[in-house]
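Notes follow once the structure below has been shown.
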Amino acid sequence: MGRGLPVCQQIREKIIEMFKNNVHQRKIGRHLDISPSTVHNIIKRFKESGGISVCKGQGRKPKLNNRDLRSLRRHCTKNRHSSISDITTWAQDYFGKPLSSTTIRSYIHKCQLKLYCAKRKPYVNSVQKRRRLLWARRHLGWTITQWKRVLWSDESVFQAFFGRNGRCVLRTKEEKDHPDCDQQQVQKPGSVMVWGCVSALGKDIFSRDAHAYFNKTMQNHILHTLQSPGCGGRGYRYLTGLPAAPTCLQ
């Protein structure tokens with residue numbers, strides 16, 4: 001366990017004054033609210049050297065002070081997707097000190113930051129966001145009965161190979177949903193696309209190749225799902241969760 005702050009000069013003088021008046025060390029500690037070991041060390045140093053000044057601190061001095069740590073934290077939060085080597089290069093130029101990647105990693109932990117794999121979210125531009133908002137406003141007054149006759153669908157990509165989970169990002173544990181901590185992605189080939197739908201009466205799943213996007217087989221599967229006994233067929237609306245905006249198909 002590390003040591004705390006040194007006792008101030010006035011309390012040291014008070015301890016020595018009470019010691020010269022033959023006051024017991026434990027009584028001095030209780031009177032000044034200080035541990036007996038601290039009182040003993042101050043009196044011991046006074047007996048050996050005749051002084052009560054604080055000795056010069058031992059050990060290696062820290063490379064970065066509190067002000068430098070704040071600058072490092074600001075840089076990391078502004079450049080969350082930077083690697084440790086890039087941050088180390090910046091720190092060497094900014095602070096003008098020989099800093100290693102191990103030292104920078106240690107100080108990043110002191111800033112309560114940690115490297116996490118960025119959470120992947122579909123890329124949505126400003127036009128797509130506006131379309132989604134307009135769609136939500138148009139259907140704001142729908143009743144529960146109307147929503148029960150909606151077939152919701154969406155698709156997801158599953159990579160067929162194993163590897164890295166994605167680029168790392170510097171953040172705290174509480175910043176997992178921060179927009180700057182996301183890794184934007186688009187649909188890529190070489191993977192398996194799985195389509196699924198759900199309604200008030202049940203759900204269905206259909207797996208297909210990512211290269212055959214919404215082909216004739218996919219459309220036939222949707223029609224088969226809508227015409228199944230569970231869905232009832234008539235009066236259903238099909239809503240697909242494309243990135244641009246949900247689309248309704250009668």
Side-chain angles (χ1 to χ4, degrees), residues 1-9 11-12 33-35 37-38 40-42 45 53-126 128-129 132 154-194 210 243:
M1 183 176 178
R3 295 184 178 180
L5 297 176
V7 180
C8 64
Q9 184 70 18
I11 296 181
R12 289 173 178 272
D33 196 16
I34 301 175
S35 63
S37 60
T38 302
H40 173 76
N41 293 333
I42 294 175
R45 186 178 299 113
S53 60
V54 181
C55 297
K56 185 179 180 180
Q58 304 297 321
R60 179 182 296 180
K61 301 298 181 182
K63 290 278 188 178
L64 304 179
N65 52 29
N66 294 334
R67 183 177 181 180
D68 296 337
L69 287 178
R70 291 194 295 268
S71 300
L72 178 62
R73 181 181 176 84
R74 283 195 301 268
H75 177 78
C76 291
T77 52
K78 290 181 180 179
N79 304 273
R80 295 182 182 272
H81 295 274
S82 299
S83 61
I84 295 295
S85 58
D86 295 338
I87 298 176
T88 302
T89 303
W90 170 86
Q92 291 174 352
D93 298 336
Y94 185 83
F95 299 116
K97 300 177 182 179
L99 301 169
S100 64
S101 58
T102 305
T103 302
I104 294 299
R105 190 186 299 272
S106 176
Y107 279 115
I108 288 175
H109 288 172
K110 288 185 179 180
C111 294
Q112 297 182 353
L113 297 174
K114 189 178 178 181
L115 279 173
Y116 292 88
C117 291
K119 184 174 64 175
R120 296 184 178 182
K121 295 185 66 176
Y123 174 72
V124 180
N125 56 32
S126 58
Q128 295 169 345
K129 291 179 181 179
R132 290 187 173 190
D154 199 2
E155 60 273 345
S156 181
V157 180
F158 294 89
Q159 296 181 356
F161 57 89
F162 295 92
R164 294 185 60 187
N165 293 329
R167 292 188 59 184
C168 294
V169 60
L170 286 168
R171 64 173 176 82
T172 60
K173 188 176 181 181
E174 292 76 16
E175 292 178 333
K176 63 179 181 178
D177 294 324
H178 197 281
D180 295 339
C181 302
D182 297 335
Q183 180 184 4
Q184 296 178 350
Q185 66 172 7
V186 296
Q187 295 177 355
K188 300 179 181 180
S191 57
V192 177
M193 180 76 74
V194 177

Nearest heavy-atom contact between Ser82 and Ile87 is CB-CG1, 4.0 Å
Counting C-beta onward and ignoring hydrogens, is there a side-chain heavy-atom pair between Asp86 and Asn79 closer than 4.5 Å? no
Step through the shown structure and confirm whether more than 12 heavy atoms of other residues, nucleotides or ligands are within 6.0 Å of CG on Asn125. yes
Okay, side chain of Arg73, backbone of Cys111: is any donor-acceptor separation there less than 3.5 Å? yes
Drop me the distance from Arg80's CZ to Glu175's CD, to the nearest 0.5 angstrom. 4.0 Å
Distance (rounded to the nearest 0.5 Å) between Asn41 CG and Ile34 CD1: 11.5 Å
Give a yes or no on whether the backbone of Thr89 and the side-chain of Gln92 come within a donor-acceptor separation of less than 3.5 Å. no
Output the distance between atom CD1 (Ile42) and atom CZ (Arg12), rounded to the nearest 0.5 Å. 4.5 Å
Less than 4.0 angstrom from a charged side-chain N to a carboxylate O is my criterion; do Asp177 and Lys119 meet it? yes
Measure the shortest side-chain to side-chain distance between Leu115 and Leu170 over non-hydrogen atoms and say whether it is less than 4.5 angstrom. yes
Within the structure provided, determine whether Lys129 and Arg132 are in side-chain contact (heavy-atom separation under 4.5 Å). no
Pairwise distance CG(Leu72) to CG(Leu113) - rounded to 0.5 angstrom: 8.0 Å
Min side-chain heavy-atom separation Cys181-Tyr116 under 4.5 Å: no
Value for OG1 (Thr77) from CZ (Arg171), rounded to nearest 0.5 Å, stands at 14.0 Å
Can you classify the ring geometry of Phe95 versus Trp90 as parallel (below 30°), tilted (30 to 60°) or perpendicular (above 60°)? perpendicular
Sub-3.5 Å donor-acceptor pair from the side chain of His81 to the main-chain atoms of Asp180, do we have one? yes
Can I get a per-line list of side-chain donor-acceptor pairs under 3.5 Å for residues 101-110, giving both atom names and the distance, sequence neighbours left out?
| from | atom 1 | to | atom 2 | distance (Å) |
| --- | --- | --- | --- | --- |
| Thr103 | OG1 | Ser100 | OG | 3.0 |
| Tyr107 | OH | Lys63 | N | 2.9 |
| Tyr107 | OH | Leu64 | N | 3.3 |

Would you find more than 12 non-hydrogen atoms of other residues, nucleotides or ligands less than 6.0 Å from Lys97 atom NZ? yes
